[in-house]
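Only heavy atoms go into these numbers, but all of them, side chains included; no hydrogens, no water, no symmetry mates. Residue indices begin at 1 and follow the sequence shown.
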Amino acid sequence: MGARITVVALWLLGCTAEARADADVLWAIGQVEGGARHQVGDGGLSLGLYQLGPAAWAEGNARLKAEGRTTYPRTSWRDHTAQDMVAGAFL
């Protein structure tokens, strides 16, 4: 079984039924994308468990910013919470 969304990310997203459902969707996406937090694909463009490309990372951060949440630079892609938060916002 692959890595689940971090407890920190779930807490930051709010421990609601919707956040838990989103976490399940993210987990499934992560499994389809290879199931490894530190994977790199597409010649270095797609990073992490969810294989987020630059545009997806930027869009996820824009959503986080619009919601008044912490944003994460793409250089922090190895951080599990950053991956989960940006992917969750992008979702």
Could you state the interatomic distance from CG (L49) to CD1 (I29), rounded to the nearest 0.5 Å? 9.5 Å
Salt-bridge contact D84-R37 (side-chain N to carboxylate O under 4.0 Å): yes
Treating W57 as the side-chain partner and W77 as the backbone partner, does any N or O pair qualify as donor plus acceptor under 3.5 Å? no
Check: N61 side chain, T71 main-chain N or O, donor-acceptor pair, under 3.5 Å: no
Answer with yes or no whether the hydrophobic clustering places V86 together with V40; edges join I, L, V, M, F, W, Y residues whose side-chain heavy atoms lie under 4.5 Å apart. yes
If we ignore hydrogens and angles and just use 3.5 Å, is the side chain of D79 paired with the main-chain N or O of T81 as donor and acceptor? yes
Q39 side-chain N/O to E33 backbone N/O, donor-acceptor pair under 3.5 Å: yes
Going from CD on Q51 to CG on D42, what distance comes out if it is rounded to the nearest 0.5 angstrom? 6.5 Å
Side-chain touch P54/L45, heavy atoms, less than 4.5 angstrom: yes
Does L64 reach the side chain of M85, with side-chain heavy atoms less than 4.5 Å apart? yes
Within the 4.5 Å heavy-atom criterion, are L26 and L91 side-chain neighbours or not? yes
Any salt bridge between E67 and R63, counting N to O under 4.0 Å? yes
Note, H38 side chain near L47 side chain (heavy atom, < 4.5 Å): no
Where Y72 and A82 come nearest, the two heavy atoms and their spacing: CD2-CB, 3.6 Å
